[in-house]
Amino acid sequence: MDHQEEQEIAPSNEGFQFRMGLNDNKAGMEGLDKEKINKIIMEATKGSKFYDNELKKDQQVNQRIEKMLQQKSQLTISQIKKAQVQVDKLALELERSRDLSRVIVHVDMDAFYAAVEMRDNPELKDKPMAVGSMSMLSTSNYLARRFGVRAAMPGFIAKRLCPNLYIVPLNFDKYRAVSKEVREIFSEYDPNFLPLSLDEAYLDITDHLEERLTWPEERRRFLVGTGNSGNNSTAKCEPEETQCTSPELFEDFPTFLPDQCHDRSRQDTERENKERTQENVLVFGTSAEEAVREMRFRIEQKTTLTASAGIAPNMMLAKVCSDKNKPNGQYIIPHDRQAVTDFIKDLPIRKVPGIGKVTEKMLRALGITTCTDLYQQRALLSLLFSDTSWHNFLHISLGLGSTRIERDGERKSMSTERTFSEMSSAEEQYELCQQLCKDLAEDLNKEGLKGRTVTLKLKNIKFEVKTRASTVSYVVSTEDEIFSVAKEILKAEIDLASPEPLRLRLMGVRISGFLSENEKHQKSITSFLSLSKATKTKCSEMADKSDQATQAPAPQRESFFNQKRAARQQGLEQGSTSSEQNVNDVGLKTTDESKAPSAPSSSVCHEETIFICPVCNIRQDTSNLAVFNRHVDVCLNKGILEELQEHNPNQDPRRPIKTDLRNGECIKLTALGVFQLNRLLNAIKHLLLLLRTLHFSTYIHSFTTHFQRKLEDC
DNA sequence: GCGGATCAC
DNA sequence: TATGGTGATCCGC
């Protein structure tokens, strides 16, 4: 292996990772130099399956680079000149729309998990420690970093770098609790702040600053050492020590008021507390820097943990800034264009969020390492990269980024996955798969989500990852529904590998393709199919149960049909609330147009439900749902059986669908319990009816197209 | 829509 | 002994 590959394993951006500077070791200070660290890591990693896979991935990246350079060599000067004109046109446009009016802050807690653990266990304070397990570390403290121990490193390798390393298991509940405290402070500066993770957030403090100008000084005055952290009654919360208890993650960087803390004896401080309370008061100014300093001060007072912050006109810059004076520091880019371009000039592209190891390597192959390079090569980049990529590059090189902090929209996927020691038994694999589906179903249920795409993720013992997805025409959300799809994917993979077993080290299940708000009333296929079992009176109960999670609690909601009607009248698809759309509603009409049955409204409405069969379209003289369902079922079956007999009198409508469909095609259907031809047609017909009733013409189209051939076959 | 990859935390 | 889990996005089919 060549040197470059080694660099990939022990990343080449030490300047960034080892911020403390490994050569700055003071006399007597323990630690390892860069070379030694790389050597130990290599010895520990070489020859492992993990490393082999890393090499393989690296080769692939090299090939991508190769291909890119090949492309580059074929470009003509006139092509590049032409591109230059186009790119500069856009650049000018972007420049014109540059917005420097917002004050965006990115706040980042220093070595968060490690800091929390050290705070709660003082014995760890002066020891190298990391949070995680022997398999994987999440973060490490300052002392451990001197040995090259850092986040995303397996604990057993860290132990080789630093045999005295303490590894503390993750304790998310604790971090969440601390995070909540910090977020309470964030919200005072920006009620719409955007959390990125437990220890990071973006804030737009523009409005705060404007208001802050009108505040009396009193509102910017804070007592030192009397923060919330003093609420517990441990010894460390005495005033003179409160200031010192910030874990010394980075001893070179003092916490607030360090001189008072270190230089005063206890007696002195106590006396001064009484006599010179003025001295224990801090007043912050009205500028952005002062506001952020105040925020960080309050965080430290409340949690005894330190944070770093970046202040800039947009999110991208703020994020880069927060790293500049880490730990326990802040950095501001003033709000004028020159300051931005000065800052960007020598900025290594790798520091920009979104540019990772691979992109860095690709750009480096083009001689690009700084943002200036990035700008100078903008024409070339527009020819070698996709539109989204080079647009992004151009934004970066101009120092542009989002100026509005937008909260994330709806989630797009939900997943769960697990790593384990080698598992080769198919039986175990199915069992695990089911467990994952169960866990996922629980999570889905918490958020009331249902999706149409199930993705199975497999990683074999060679660390090769494979994903296989299956999108169904209905929604799934329960353990059984998800598993019925996932297990068929798994089966296909097992069959494919057979007679060799799948030798797995990880399995995961993901759901995506969630229903948008105005699709949520759709029924899952099981509750849908349950209608055809209408002889069982449990039908409506089952449907209710399976859709519990999507039921809107809105007391005054309109019935779905009323909303639809209103929407049609307005000529647009108004987003309906996720009002419960029971399958049985297919044939129901409510005479009262304004009120849902569950509405706690005081007015008593006389609501009369009319049952109209969606098949024969005849009003049924009953108010009993079970009776009505039975009628619909008979009606449906009658029609289907007649049709079947008509088209092919010799065909047994109850014969297995396996005889008609190819194996792969009936997988999903058999998984749902549709084994027979008549059941299949029943389901299709019923769904079509439902879709038609709901005016979902797009669905009807794709559905009928998909099944047309099957119908013809029948 | 699928599958592999990249990225961030 | 041992290299994570979750979510988003992009690219090229």
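In the text below, chain A, chain B and the rest are named by the order of the sequence lines, each starting its count at 1.
- Judged purely by atom type and a 3.5 angstrom limit, A/Thr370 has no side-chain atom pairing as donor or acceptor with the backbone of A/Leu347.
- Comparing atom distances between the A/Leu506 side chain and each of C/dC10, C/dG5, B/dG3 picks out C/dG5 as nearest.
- Of all the residues in residues 154-170 of chain A, A/Pro154, A/Phe156, A/Ile157 reach under 4.0 Å from DNA chain C with at least one non-hydrogen atom.
- Every residue was checked against the side chain to side chain donor-acceptor pair (under 3.5 Å) condition with A/Asn392, not counting sequence neighbours, and none meets it.
- A heavy atom lying under 4.0 Å from DNA chain C marks the following residues of residues 415-423 of chain A, by number: A/Ser415, A/Thr416, A/Glu417, A/Arg418, A/Thr419.
- With respect to A/Glu488 and A/Lys491, no salt bridge is recorded, no charged nitrogen being found less than 4.0 Å from a carboxylate O.
- For A/Arg183, the side chain to side chain donor-acceptor pair (under 3.5 Å) partners at least two apart in sequence or on another chain are A/Ser179.
- Applying the ring-ring contact (aromatic ring centres under 6.0 Å, His included) test to pairs two or more places apart or on separate chains, those with a residue in residues 435-471 of chain A are A/Phe50-A/Phe463.
- Put simply, the side chain of A/Glu406 does not reach to within 4.5 Å of the side chain of A/Leu194, judged on heavy atoms.
- Residues passing the side chain to side chain donor-acceptor pair (under 3.5 Å) test with A/Lys459: none are found, sequence neighbours excluded.
- Remark on DNA chain C: of its neighbouring residues A/Arg411 and A/Asp387, the 5'-side contact belongs to A/Arg411, judged by nearest-heavy-atom nucleotide.
- No donor-acceptor distance shorter than 3.5 angstrom exists from the side chain of A/Thr45 to the backbone of A/Ile41, with no hydrogens or angles considered.
- Toward the 5' end of DNA chain C, the nearer of the two residues A/Thr388 and A/Ser413, judged by each one's closest nucleotide, is A/Ser413.
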